[in-house]
Structures are given as C-alpha cells and as structure tokens.
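Worksheet for the structure shown next.
For the numbers below, each heavy atom of this structure counts, side chains included, while hydrogens, waters and symmetry mates do not. Whatever order the structure lists ligands and atoms in, that order sets their numbers, starting from 1.
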Amino acid sequence: MNVSIYILQGAKTSLIHWLHEQGISDENVLQAFDKIERHKFIEDTILWDRAYENTPLPIGCNQTISQPITVAFQSQLLQIQKDDKVLEIGTGSGFQAAILSAMGAKVFTIERQIELFRKTRSLLTKKMQIPDIKFFYGDGFEGLPAKAPFDKIIVTCGAPNIPAKLLNQLKINGIMVIPVGENTQEMKRITKVSEDQYKDESFGEFRFVPMLQNMVKYNQNGII
Ligand code: SAH
C-alpha cells in the first residue's frame, strides 16, 4: 500500500461532505458511504489515492467503478427501505451492491462477464464478508425471473431502452432507476403504479458503460 489509511479516511470524509453539498440528503446513503470504503473495491492500489475523487476508475475487463456521485444519486432515487429486495444489473466492482447492502437492502446482483462475476463475488463474500448480497452470472436484460418480484431495480450500465422483462419483475409500487440512451444517458425513475401503469420521471444526463446483450464466458486470457 502506498497511501496511508488516515489520508484515505480524510478523503472519504471530504467526499461525503461534497456529496451532501451536491444534494445527497438521504442520511442512509451518506452513512453507507461512510461505512463502505471505496478504495477496497479497486484492485490496482496505485489508484487508491484517487479512490475518493468523484471519478470513475478502471476495474479490469474494460469496465469502471462508477463515479461516487452517480452511485449516491441512484441510491437516493431508489428510496431504500429496510429489507427491500433489490435487483442490480451490472455488478462490476460490487461497490454499488455493497452500498445498498449497508443501506439495509437484500441485494441480488447480475454480471455478464464471468471474470468480474467471480472476482467480485469472492472479494465481497470471502474477503470483506459483506452480508445480504447474492451474485448471479447472467444477462441483465432477462432479469432474475426465479427471484422476482423485486421492490426496487437498479441498472448500472447505459440501457438502449427500458427492458420490458425488468418492468414485469417489479412489484406494484416498485421503483426502477435506469440510465437510458446510447452515447449519454438520461437518468430515469420508473414507478409501477399498477399492473400496466407506470410513472416516468427524468433526472438529467449521465454517462455509463453500455448495457450489452449476451454473456462473456472467457477471461482476458481466453480461458473459461
Ligand atoms: N455497479 C457497478 C458498475 C460497473 S459498470 C459498480 O459499482 O462498480 C457496469 C457493469 O455492467 C459492467 O461490469 C458490465 O460488464 C455490466 N453489464 C453490462 N451489460 C450487462 C448485462 N446485459 N447484464 C449484466 N451486466 C451487464
């Protein structure tokens, strides 16, 4: 390790103040950002001194850990209640899933890349022992019909459209937070008002890695 734990703790406190200034007022979100240490989700320790900057950082497999403000913003839009059953599309580093777990949710998270799925599941369950997260290797466009319905659904990659299969897996009064668009994405919150009625709200532009079809079965060396 090349950066002291005290420096990281100070940087984390500054980030939480900044998130509050940016309009993150849900105490549950701010407390989760205090409890969950973002640097531990970044494999390359060289990047640790940037872990509490508001920037996405590489996590391998051509993917990034999302910006803190994006994670905080999506978490706040979800209006998490204790024991909410939450489906996350795009496990990536596992940071968003850990934040939701710290907020009291029961998390089901799906990743399409086998290497990230294995690495993150092992880090969060074995090394960090974070509770209440179940990991699935699969295609997020399909959701998890066997575990549905969900109180909340969060998509953490840029979706080309709002997948109908995910809407079907929401409870009545359930909420889905999903960035929709090709190059940049509009953050949308969809509330399922009745079996066939939805409320649709928009919260500005964000930028995500794309939500892609099909699963990736090989790691970077081409080995299953
Ligand atoms: N929530 C993550 C964000 C990672 S970036 C975090 O906190 O770090 C988005 C992730 O979505 C990537 O890991 C990418 O591989 C994954 N992804 C993209 N399309 C997907 C799909 N159709 N199903 C599941 N995961 C998908």
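- In terms of protein heavy atoms, atom 10 (C) of ligand 1 is closest to Gly90 CA, 3.7 Å.
- At a 3.5 angstrom cut-off on N or O pairs, Ser66 does not count as close to ligand 1.
- Nearest protein heavy-atom neighbour of atom 23 (N) of ligand 1: Gly140 N, 2.7 Å.
- Heavy-atom proximity to atom 4 (C) of ligand 1, evaluated over Thr91, Thr120, Leu116, Thr64, is greatest for Thr64.
- The closest approach between any non-hydrogen atom of Pro210 and ligand 1 is below 4.0 Å.
- Aromatic pair Phe135/Phe117: centroids not less than 6.0 angstrom apart.
- Protein heavy atom in closest approach to atom 13 (O) of ligand 1: Glu111 OE1, 2.7 Å.
- The environment of CD in Glu43 is sparse: at most 12 heavy-atom neighbours from other residues, nucleotides or ligands sit within 6.0 Å.
- The closest approach between a heavy atom of Val216 and any atom of ligand 1 is not below 4.0 Å.
- For the pair Phe141 and ligand 1, the shortest N or O to N or O distance does not fall below 3.5 Å.
- Of all atoms in ligand 1, numbered sequentially from 1 with element shown, those under 4.0 Å from a heavy atom of Gln113 are 15 (O).
- Taking only nitrogen or oxygen atoms, main chain and side chain alike, Ile89 does not reach within less than 3.5 Å of ligand 1.
- Between the side chain of Glu205 and the main chain of Glu186, no donor-acceptor pair closer than 3.5 Å is present.
- With contacts defined as side-chain heavy-atom distances shorter than 4.5 Å, the pair Lys40/Met128 qualifies.
- The protein atom (non-hydrogen) at minimum distance from atom 25 (N) of ligand 1 is Arg112 N, 3.4 Å.
- For the side chain to side chain contact (heavy atoms under 4.5 Å, CB included) with Arg112, the qualifying choice from Leu212, Ile89, Asp139 is Leu212, the only one to do so.
- Among Ile36, Val86, Asp26, the single residue meeting the side chain to side chain contact (heavy atoms under 4.5 Å, CB included) criterion with Met103 is Asp26.
- Taking a cut-off of under 4.0 Å to the non-hydrogen atoms of Ile110, the atoms of ligand 1 that pass are 24 (C), 25 (N).
- Contacts of Val209 with ligand 1, taken as heavy-atom pairs under 4.0 Å, involve the side chain alone.
- Atom 22 (N) of ligand 1 has Leu212 O, 2.7 Å as its closest protein atom, hydrogens excluded (heavy atom only).
- Set against the non-hydrogen atoms of Ile65, the atoms of ligand 1 under 4.0 Å away are 8 (O).
- Within the structure, ring-ring contact (aromatic ring centres under 6.0 Å, His included) contacts touching residues 62-99 (residues at least two apart or in different chains) are Phe33-Phe95, Phe41-Phe95, Phe73-Phe206.
- For Gln213, the closest heavy-atom approach to ligand 1 does not fall below 4.0 Å.
- In terms of protein heavy-atom proximity, atom 12 (C) of ligand 1 is closest to Gln63 OE1, 3.3 Å.
- Distance from atom 7 (O) of ligand 1 to its nearest protein heavy atom, with residue and atom name: Gln96 N, 3.1 Å.
- What sits closest to atom 8 (O) of ligand 1 on the protein, heavy atoms only, is Ser93 OG, 2.6 Å.
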